[in-house]
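As the structure is a computational prediction, the values presented were derived from the model and not from experiment. Order of the sequence lines sets the chain letters (A, B, ...), proteins ahead of strands, with each chain counted from 1.
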Amino acid sequence: MGYGKYIAIRLLNALLVLALVTLLVSVLFTKVAEEDIKSSIHEQIGLYLRGNPELARALSQDPEKYHEWYQKEYERRLKAYGLDKPFMIRVLERTKDTLMLNFGNTKSPIFGETAVSKIISKAIPRTVILFTTAQIFVILIGLLLGVKAAQMAGSILDRGVSIVAMVTSSIPMWWFGMIMILIFSFKMGWFPSGGMTSTPPKEGFAYYLDVLYHMVLPVTTIVFVQFGGWAWTTRNIMIGTMQEDFIMAARAKGVPERKVIYGHALRASAPPIVTMTIFSLLGSIGGAIITESVFNWPGMGRLYWTALQQNETRLLMGVTFVTVALYLIAMIIADLAYGYLDPRVKVGASQST
Amino acid sequence: MRWVDVKASLKDFWFEFRRQKGGLFGLALLFLLIFTALAAPYITEPDIPKKWTQYWEGNPVTVPPVWYNYFTTKKLAPHEVLTANDLRITADGQDIGGGMKYYSFEFTYENNYDVPPSDIIIRNIGVKLADLTTPAQIVVTMIRPDGNKIELLNTELREGSIYQLAKDGKVKAAVFQWASQFENPETIAEGGETLKITMDTMKVIFAKAQEGILTNPEALKGTYTFQVEIFTFTEGDQVDLSTTQIILSGRTYGLMGTDYKARDLWAGLVWGTRVSLTVGVTVAVLTVLIGIFYGVTSAYLGGWKDEFMQRVNEFWASIPTLPILILLGAAFKGHVSLWTIVFLMVAFYWTGIAKVARSMALQIKEQTYVEAAIALGAGTGRIIFKHIMPQIMPYAFAAMALNVPGAVLTEASLSFLGLGDPTAVTWGQILYDAQIQSATINRYWWWVIPPGLAITLVAFTFVLIGISLDRVLNPRLKRL
């Protein structure tokens, strides 16, 4: 099976997942939205009557007339909201809207916007900045420590890495964030407890410094919880590679140890390490998103939190859709990278195991 | 497998496992956790889950644990509840003429603390009035170690009356008046009404009678006696003192302090073990069983069926779990039960294991002894259960242990987002409440740190066991 076909299948799979997830989301939330709108229609009619006391008086004398009028008004408004159409049609319309990134509006403004797509487009870069910075540190520290530990297998450093990896992988990241806030911003007072900038935001260059200052705690949290697991994975892969024959051959022909490790072993370990990177990135998105909300960082995590706390169903749909889409894109990139680095890979992995 | 074989292999296994220090430590932790979970009703109280959603009447709100005193220079008064046994009844229904009766009891309080109790609550006095329009009278007097006497309360006593001395305006007025005689008149003139409003009644009555008693009260240590007198005015009024409760609301409480609903966090921690272990283990076991069943079936069937099952698996695996779980949690908001959460997690987590199980089964299937078994006419079931499964089981046990931490953390995360089972006592939910009530800003460390440590402990226990099992049962990995 060729590389092109391999990519095509992965792409198709991703699109299918996205469409199906969207459909599921739409079914759930069409139902919720329907109930919301119905109760809001009753409220609106009440308000309308209060605004027109003459009509209210005229109607209050004849209960039958009132009932008839109410029913008519209710149905008129129901139709205006498009609720007269059958359920499945509405679900499909919503699915279409969501796929076109047309998520609708929130009930109250968030980040100064009410259009969900605009809110999300404001949040994504902020999340990306935080997450990318943290991951760069995680990868650098993890890779270096992992290689060192593999080089000195059985040493104190090696054992230390294993223990740290086991402990940190058991810690809920968002809880560790709370602890960091408790210690470093309220006990010591060194760092701000949340947000991305001071209020009011600073101008010019000071603005960027301010953002960096606000990033210290969340980045430290993410790095601390993740670097151990990373180092451990790298170590395990590296140790496996170091026992291969070509490493022995390289050593036998007198290649310097440094070059053996960074040139030969690391190069050969690259494909699994790269895929592990991307998959661990994907796996950590969830935890990182919750961590973000602990630090009140105005990104996707905060949107999740706000959407859940304020019952903003449209926003929740929007963020879920975008998160799933981003996740799938990253998956495809991971696959592409793996296919590129290791040409043996084929769809289904049935031959490669 | 015969029983002897099982016994022998278990013996072999234990021989190997015994040498895994981490594994043994993990096992010890696991026993401790299981013990805590089982003994929860005996360690705390059996009705905690029922009580958990309510406000805990009578307890102080958001106070640190008692042992916090070891780390502070200012000692904080612990929570104390006095019952009828601690009261010294000096007059029980003495007739003082005119149909009036006199009751009186005393209790003492040893104040060895720099910060006295935050409130004194008198409740459950068993009074039965014959005529509801003429209530009884209650007088509370305090005798301080320095000989000073303060009449704190002199008011009506009705059925079911509760007196919270620190929150009572009359008590405050009386105490302010009493304390004013010691305070510098200038300070009082300056402070005026604000001084009275901001005054902490309890700190003042337990303070040294000296200048600054109002502005900066300094605790007077020693034995305080409280005298409670009750007068009834109608013939037939009954007073039963045996149910009386005096609560000295602490500045510290119990082993782990309390939260904003005055709940004992220690009870929450202990009961949380149950949920965490149950969810973690159930999810892991079900996930692995389903995954292995799927993988082995796929490998055994082979051909287009295998191909199809693998496509389904890949499709399912590419759904990002947490966003979908959050979404489903939000859709069922408020009606989520623990079992729904377990079901959802199992539904998404089996894919990885299915993949590994399939590749293992594929390898085993090609072995000559399986071929021989087929040649001898062994059936599908026999081959799967007698030849393939025993080979995969070691992997399965390690995978089960290694899958628990993920399940525990996910359950905690969902609860932390407020999507958990609202009726269950879970650590994630305690942290959710802490987050909503800004516990970090208020430095309620006792509310934030222990639940997270508990989650970490459970996850860590299974990581230790899982890794050790993996090393013992999958010797191929031993070199790592």
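Heavy atoms of A:Val21 lying under 4.5 Å from chain B belong exclusively to its side chain. Contact annotation for A:Leu328: only side-chain heavy atoms (C-beta onward) come within less than 4.5 Å of a heavy atom of chain B. Contacts between B:Ile467 and chain A at a heavy-atom distance below 4.5 Å involve the side chain alone, from C-beta outward. Of the two parts of A:Tyr327, only the side chain, counted from C-beta on, holds a non-hydrogen atom closer than 4.5 Å to a non-hydrogen atom of chain B. Proximity to chain B (any heavy atom under 4.5 Å) is shown, for A:Ile171, by both the backbone and the side chain. Contacts between A:Phe176 and chain B at a heavy-atom distance below 4.5 Å are absent for every atom of the residue. Proximity to chain B (any heavy atom under 4.5 Å) is shown, for A:Ile183, by neither the backbone nor the side chain.
Environment of CZ in B:Phe25: sparse, with no more than 12 heavy atoms of neighbouring residues, nucleotides or ligands closer than 6.0 Å. Shown here is A:Met152, whose CE atom has more than 12 heavy atoms of other residues, nucleotides or ligands within 6.0 Å. Atom CZ of A:Phe186 is surrounded by more than 12 heavy atoms from other residues, nucleotides or ligands within 6.0 Å.
Here the closest heavy-atom approach between residue B:Ala439 and residue A:Leu182 is recorded as O-CD1, 4.4 Å. The shortest non-hydrogen separation linking B:Ala434 to A:Met178 is CB-CE, 4.3 Å. Closest heavy-atom contact between A:Met166 and B:Val463: CG-CG1, 3.7 Å.
Between B:Ile324 atom CD1 and A:Thr323 atom OG1 the span is 9.0 Å, to the nearest 0.5 Å. Expressed to the nearest 0.5 Å, how far CG of B:Leu457 lies from OG of A:Ser170 amounts to 9.0 Å. In this structure, the separation between CG on A:Leu16 and CZ on B:Arg311 is 12.5 Å, given to the nearest 0.5 Å. Taking CG of A:Leu20 as the reference point, atom CH2 of B:Trp316 lies at 8.0 Å (rounded to 0.5 Å). Atoms CG and CD1, from B:Leu417 and A:Ile290 in turn, are 4.5 Å apart once rounded to the nearest 0.5 Å.
Relative ring orientation between A:Trp305 and B:Phe416 is described as tilted, the plane-to-plane angle lying within the 30° to 60° band.
Between chain A and the residues B:Leu431, B:Val408, B:Thr410, the most heavy-atom pairs under 4.5 angstrom are made by B:Leu431. Options B:Asn442, B:Val458, B:Ile455 differ in how many heavy-atom pairs under 4.5 Å they form with chain A, and the most are formed by B:Ile455. Listed options B:Ala412, B:Gly428, B:Pro405 were ranked by heavy-atom pairs under 4.5 angstrom with chain A; first place goes to B:Ala412. Interface check for chain B: of the options A:Ile181, A:Val167, A:Ile163, the most heavy-atom pairs under 4.5 Å are formed by A:Val167.
Inter-residue side-chain proximity for B:Thr440 and A:Val294 is flagged as unmet; no heavy-atom pair is nearer than 4.5 Å.
Without hydrogens or angle criteria, A:Trp175 side chain to B:Val448 main chain gives a donor-acceptor distance under 3.5 Å.
Only one option out of A:Thr320, A:Ile289, A:Leu316, A:Val319 pairs with B:Pro323 in a side chain to side chain contact (heavy atoms under 4.5 Å, CB included); it is A:Thr320.
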